[in-house]
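For the numbers below, each heavy atom of this structure counts, side chains included, while hydrogens, waters and symmetry mates do not. Note that the structure is predicted; figures quoted are calculated from it, not measured.
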Amino acid sequence: MGMGLRFCRSIARDQTVKAGVGVAIAMVSTGFVWVKPSGANQPLTEDRLNLDPALIENSPTLQRWLKQTPNLFEENQQDPAFLPRVRLGYSYFPTTDQSSGLGLGMEDWFIGALPLSFSADYHTNFQGQQAGGGNLQYYLLPLGWSVNITPLVGYRAVQQDDYHSDGINVGGKVIFALSRTGAADIRFSQMFTAPGSTNEVGTSTLSVGYGLTPHWRLATDLQQQNSLGGKDSRVGLYLEWQP
């Protein structure tokens with residue numbers, strides 16, 4: 001009798017174990033098992049990352065991430081990959097008696113949080129050759145991209161000895177931002193002053209900039225003007241400041 005009772009208890013215990021194993025397998029297979037991850041809902045700290053304090057002190061990016069994780073998608077949409085700047089420098093006019101002069105300007109000063117910026121430039125050889133104006137640009141791609149394009153519209157005046165033209169200025173610009181810090185970029189623009197009129201002037205400009213320090217750059221541009229007054233080319237060399 002005692003042996004039969006122990007045998008029955010053993011069978012019952014085996015059945016209970018098998019049932020428990022079956023329930024566990026079912027829960028795992030159906031996704032009802034929840035395990036609380038270690039350290040969940042805990043902010044990143046210097047202790048958890050085990051970072052050298054000197055490394056954190058010398059890295060603004062790490063300091064920003066430790067304080068608050070940034071929204072990279074939003075930054076890519078709104079944070080420009082190119083910086084505004086002011087330029088002053090030397091202009092050389094090889095087709096106008098190889099004369100020299102002055103060039104100055106400002107580039108991509110953004111208006112509020114919009115992808116809208118203002119640029120202006122002026123250059124002269126002090127001998128009857130001068131051009132200048134200002135444009136608004138509305139960038140069509142996310143500002144954080146390394147390549148961007150924009151139409152431009154504004155006003156421009158051009159003086160080529162006895163030939164003069166001024167009026168609305170329209171065109172477009174392409175930017176290749178090789179560094180988000182403004183350390184290097186390449187730009188090409190095509191503009192038309194007084195388009196459709198007998199005084200239309202087409203201006204093509206290729207510009208390259210390279211950073212010397214976080215705030216100072218060297219830049220050069222090659223420019224070609226075409227009009228009824230003739231063709232004129234210009235080479236500029238600038239010192240640029242960016243905030």
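Nearest approach of Gly209 to Arg217, heavy atoms of both residues: CA-NH2, 3.5 Å. The nearest pair of heavy atoms linking Ala157 to Tyr155 is CB-OH, 4.2 Å. Counting all heavy atoms, side chain and backbone alike, Arg87 lies closest to Ser207 at NH2-OG, 3.6 Å. Summarising the geometry of Pro243 relative to Pro84, their closest heavy-atom pair is CD-O, 3.2 Å, with the distance given to 0.1 Å. Asn199 and Ala194 get closest at one heavy-atom pair: O-CB, 4.1 Å. Summarising the geometry of Ser91 relative to His123, their closest heavy-atom pair is OG-CB, 3.8 Å, with the distance given to 0.1 Å.
In the hydrophobic clustering of this structure, Met191 does not group with Val174; members are Ile, Leu, Val, Met, Phe, Trp, Tyr whose side-chain heavy atoms approach within less than 4.5 Å, directly or through other members. Side-chain heavy atoms closer than 4.5 Å link hydrophobic residues (I, L, V, M, F, W, Y) into clusters, and following such links, possibly through other members, connects Leu228 to Val201. At a threshold of 4.5 Å between side-chain heavy atoms, the hydrophobic network of Ile, Leu, Val, Met, Phe, Trp and Tyr places Ile111 and Leu140 in one connected group. When hydrophobic clusters are built by joining Ile, Leu, Val, Met, Phe, Trp and Tyr residues whose side-chain heavy atoms come closer than 4.5 Å, directly or via intermediates, Val170 is not grouped with Val158. The same ILVMFWY cluster, assembled from side-chain heavy atoms under 4.5 Å apart, contains both Trp109 and Leu114.
Counting only N and O atoms by type, the side chains of Tyr238 and Thr220 include no donor and acceptor under 3.5 Å apart. In this model, a donor atom of one side chain and an acceptor atom of the other lie less than 3.5 Å apart for Asn125 and Ser99.
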### Query
Yes or no on side chain to side chain donor-acceptor pair (under 3.5 Å) for Tyr163 and Ser227, after CA distance, side-chain angles and deciding distance?
CA-CA 9 Å; Tyr163 181 83; Ser227 70; 4.5 Å; no
### Task
Determine, stepwise, if the pair Trp216 / Glu240 fulfils side-chain contact (heavy atoms from CB on, under 4.5 Å).
CA-CA 6 Å; Trp216 293 98; Glu240 297 183 333; over 6 Å; no
#### Entry: Chi angles and distances behind the side-chain contact (heavy atoms from CB on, under 4.5 Å) call for Ile186, Leu206
CA-CA 8 Å; Ile186 301 173; Leu206 175 65; 4.1 Å; yes
### Message
side-chain contact (heavy atoms from CB on, under 4.5 Å) for Trp241 and Arg85? Distances and angles first, verdict last.
### Response
CA-CA 5 Å; Trp241 177 82; Arg85 61 195 192 280; over 6 Å; no
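Gln137 contributes atom CD, which lies 7.0 Å from atom CD of Glu107 (distance to the nearest 0.5 angstrom). For the atom pair Leu136 CG and Asn169 CG, the distance stands at 11.0 Å (nearest 0.5 Å). Taken to the nearest 0.5 Å, the CG atom of Leu237 stands 6.5 Å off from the CG atom of Leu218. Interatomic distance, Lys231 NZ to Gln160 CD, rounded to the nearest 0.5 Å: 12.0 Å. A distance of 13.0 Å separates CD1 of Ile149 from OH of Tyr138, quoted to the nearest 0.5 Å. Note that OG of Ser197 is 11.0 Å distant from CD1 of Ile168, once rounded to the nearest 0.5 Å.
By the neighbour-count criterion of 12 heavy atoms within 6.0 Å, atom OH of Tyr92 is densely surrounded, having more than that number from other residues, nucleotides or ligands.
Between Leu143 and Asn148 there is a side-chain heavy-atom pair separated by less than 4.5 Å. The closest side-chain heavy-atom distance from Thr203 to Gln190 is not below 4.5 Å. Side-chain contact between Tyr139 and Ser117 is present, with at least one heavy-atom pair separated by less than 4.5 Å.
Put simply, the side chain of His164 never gets that close to the backbone of Gln159: no donor and acceptor are under 3.5 Å apart. With Arg180 contributing its side chain and Gly144 its backbone, the two residues share a donor-acceptor pair below 3.5 Å.
Contact check on Asp108 versus Lys173 returns a salt bridge, with a Lys/Arg side-chain nitrogen under 4.0 Å from an Asp/Glu carboxylate oxygen. We find that Asp221 and Arg234 are joined by a salt bridge, their nearest charged nitrogen and carboxylate oxygen being less than 4.0 Å apart.
Cation-pi contact between Arg187 and Phe82: present, with separation from the ring centre below 6.0 Å and deviation from the ring axis of at most 45°.
When each of Gln224, Gln223, Gln129 is tested with Asp232 by the rule side chain to side chain donor-acceptor pair (under 3.5 Å), just one qualifies, namely Gln129. Of the options Phe126, Tyr90, Tyr122, a side chain to side chain contact (heavy atoms under 4.5 Å, CB included) to Leu102 is made by Phe126 and by none of the others.
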